[in-house]
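Data block below; observations after.
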Amino acid sequence: MKPAVKPEWLKSKIGRRFALYVALIGAIMALMLSFIISYQQYQARVSFLKSELDNIVASNKSFIEESLWILDTRLLKLAIQGFLTNGDIVFAEITDENGKTLVSYGTLDSDNVIIKTMPLYHRNEGKSVFLGKLTVAASKQSAYRKAVSSIIITLFQSLLLMSIISLSIIYIFWYLVSRHLITIQQYTRRITFEEQQGPLVLDRPINRHAKDDELASTVDAINFMYSKAYEAYQKLKKETSEKIKLEQQLLQVQKMESIGRLAAGIAHDFNNVLSIILGYSDLMLANLPANDPIREKIKRIHESANQAATLTRQLLAFSRKQVLEKKVLSINTIIQNFLKILGKMVGEDIVITTYLSEESCNVEADPGQIEQVIMNLIVNARDAMPNGGEIIIETAEVELDQHYVNKRKEVKPGRYVLMAISDTGDGMDEDILARIFDPFFTTKEQGKGTGLGLATVYGIIKQHDGYIYAYSEKERGTTFKIYLPASDKTAEDAESKSSTKVLPQGNETILIVDDNASIRQLIIETLKPLGYNCLQAASGKDAINAIREYSGEVHLLITDVIMPGMSGRELAEIIRKESPYIKVIFMSGYTENIIAHHGVLEQGINYIPKPITPVTLTQKIRRVLNDYQVKN
């Protein structure tokens, strides 16, 4: 036989709490009822004592009046003692007409007694003669004792009844509710969505009372919720891969943003150093004879500095801190003009095929940056096909609708120009594909790649408010799809860039402002031999003082954009209030939106990027000053 255990119905926690509440309320009600019953019994006993006292006094009145008339104290004492034989009477007293006590027995406690006072008379010849008073007092103690005993008995009976009722409630509650709640609890704990399980069924008869009660409704609700949750889980399971992909895209964007901020800070300071190296190496090469043996060493310094400058530009492009000089251009035109260069770049064993849209494919972009994107992607495709293959360039105008946006949360719906560049190379696996836009990540041999090519492409496209996605499989090639916001404006003609290295001369006065003394000295040593009159200042405040103290006209202000205390933009605005005809050239590695909005150069701003070189600096100065002279 199994050992005796606590009955299951006594384990119902809710039933026990429910019974406890019922018992507590019942006990309070029983206590109140006991007090009410006891009080009623107390009042009834007091009424009985009063009636009994009246009867005793009335039955002995005549005898006491006769004894008092003849003033027989012995008889009066006998009458008083007769009163005290009643257990409830505790005091009796007879006084004469003057209030003098004639006979008195017992003790009078006026707070806990019933007092009966009756005048005594003697009738003589039809007249009533007042003889005195009879005072009798009965104790209420018997009424108290009976009330207390009634309270105890009633309370005990009520508590016993409540205990029986509570146990009954626990059992009934367990049978009707608790055991079914335990079944529901066990069912819900076993719920799994990998395989669909059967519906919840309770062990109870199904009749008209149980058919639509709360438990039946709860079971129906749980079964309904489980069926819907199972369907939702299966649907979610199918979409899990897409959700994970979106999360990875978000993490990738956040990672790229963090690295970009770091890269921009490094590039900004590095550009100042490169300006000194490139500037002075240019000046030395210009002044050294062609047969000087030191020229080759300086050339190597210059070439290395140029490579470093290229890396810096790539870092700025990746971090989206490049200053863009946007214009309306056709992607088709850019590709067509670039094809000859691309053909020489990839070699004879690679065929470039283009499928260009018949639509205009106009966008607002920096043409040099877009060329950089195309070049980097073509180089990447070429390196993926060491044994030759095909590169396919396609363009189209597309509409990215809400359905596409739902799959890629970062995309804004609208009209875009699509440029797709595909190759038939080796392709990439998922691990490499997830990291291709990371800066300094490369699959090439050490020394054959910086790992900044695709990171630069990513930064340029993002700075143009566009999107870039890569699709690849091993042995099936790679496709890069770029989406740039389409423009309804007409494309502008491309300007031809001068390739001359001549340093143009001038005689104007130029104020150079930069917190870096080496940059100021480089510019002065570049411009003074060309005939320019140079002033310099290390801050905005010094520049204002210098221009005020100078007696002649200052024709041009060359200022760094980011300086302590006062930015170059603020300095230019102050100086133009005093000298409205002065021209201004801003120079910086990146602008932090001081002269550009989201990296796009504002209209009418003259800007030269760092690292500066004597050729680019002097040509820019001459162009700005000549424009001023033509307008005036």
Side-chain angles (χ1 to χ4, degrees), residues 268-269 271-272 275 279 321-327 366 504-528 530-612 614 616-632:
H268 176 255
D269 294 334
N271 270 329
N272 283 334
S275 293
K321 299 296 184 180
Q322 283 274 62
V323 178
L324 302 180
E325 298 189 48
K326 282 189 174 182
K327 59 173 59 180
D366 186 317
Q505 299 181 348
N507 56 7
E508 291 87 351
T509 300
I510 300 174
L511 173 59
I512 300 111
V513 185
D514 196 303
D515 57 317
N516 190 310
S518 298
I519 296 290
R520 297 198 307 272
Q521 191 61 33
L522 168 65
I523 296 174
I524 291 171
E525 292 183 15
T526 301
L527 298 181
K528 270 196 171 183
L530 300 176
Y532 293 102
N533 180 29
C534 296
L535 307 176
Q536 63 169 313
S539 65
K541 184 178 180 181
D542 292 345
I544 294 170
N545 292 333
I547 205 167
R548 287 174 179 171
E549 293 172 0
Y550 185 68
S551 57
E553 179 184 2
V554 177
H555 302 87
L556 177 65
L557 167 67
I558 300 177
T559 177
D560 192 14
V561 175
I562 301 171
M563 296 184 296
M566 184 186 300
S567 71
R569 181 67 174 266
E570 293 170 331
L571 172 62
E573 290 174 355
I574 293 172
I575 289 179
R576 275 174 172 160
K577 289 179 181 178
E578 300 181 9
S579 304
Y581 298 109
I582 192 171
K583 302 299 291 183
V584 180
I585 295 177
F586 294 101
M587 57 181 179
S588 184
Y590 71 104
T591 64
E592 289 290 358
N593 291 337
I594 295 176
I595 61 170
H597 182 66
H598 295 298
V600 180
L601 198 63
E602 295 180 11
Q603 191 70 26
I605 296 290
N606 297 310
Y607 171 76
I608 182 170
K610 289 182 178 179
I612 58 175
T616 56
L617 175 65
T618 55
Q619 289 181 352
K620 186 72 172 182
I621 290 173
R622 198 64 264 159
R623 187 160 54 250
V624 170
L625 290 174
N626 288 346
D627 288 346
Y628 169 74
Q629 292 170 359
V630 169
K631 290 177 182 178
N632 290 275

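Only heavy atoms go into these numbers, but all of them, side chains included; no hydrogens, no water, no symmetry mates. A quick note: this is a predicted structure, and the numbers were derived from the prediction, not measured.
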Write down the atom of [X], the atom of [Y], and the distance for their closest heavy-atom approach.
X	Y	result
Ala543	Leu511	O-CD2, 3.9 Å
Leu571	Met563	CD2-CE, 4.4 Å
Ile621	Leu556	CG2-CD2, 3.6 Å
Leu530	Gln505	O-CB, 3.3 Å
Glu553	Thr509	O-CB, 3.4 Å
Met587	Asp560	O-OD1, 2.7 Å

Min side-chain heavy-atom separation [X]-[Y] under 4.5 Å:
X	Y	value
Leu557	Ile585	no
Glu508	Asn533	no
Lys327	Asp366	no
Ile608	Thr616	yes
Ile558	Asp514	no
Ile512	Cys534	yes
Ile524	Gln536	yes

Discussion item. Quick check against the 3.5 Å criterion: does Glu570 have a side-chain atom that pairs as donor or acceptor with the backbone of Ser567?
Written reply: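 Yes.
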How long is the span from the [atom1] atom in [X] to the [atom2] atom in [Y], to the nearest 0.5 Å?
X	Y	atom1	atom2	answer
Ile547	Leu535	CD1	CG	8.0 Å
Asn606	Lys583	CG	NZ	6.0 Å
Lys577	Ile582	NZ	CD1	15.0 Å
Met566	Thr559	CE	OG1	10.0 Å
Gln619	Arg622	CD	CZ	12.0 Å
Ile510	Lys528	CD1	NZ	12.0 Å

Practice prompt. Scan side-chain atoms only and decide if Tyr550 and Asn545 contain a donor-acceptor pair under the 3.5 Å cut-off.
Written response: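 The criterion, which ignores hydrogens and geometry beyond distance, is not satisfied for Asn545 and Tyr550.
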Discussion item. If the condition is side chain to side chain donor-acceptor pair (under 3.5 Å), which residues does Ser539 pass it with, not counting sequence neighbours?
Written reply: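 Checked Ser539 against side chain to side chain donor-acceptor pair (under 3.5 Å); matches are Asp542.
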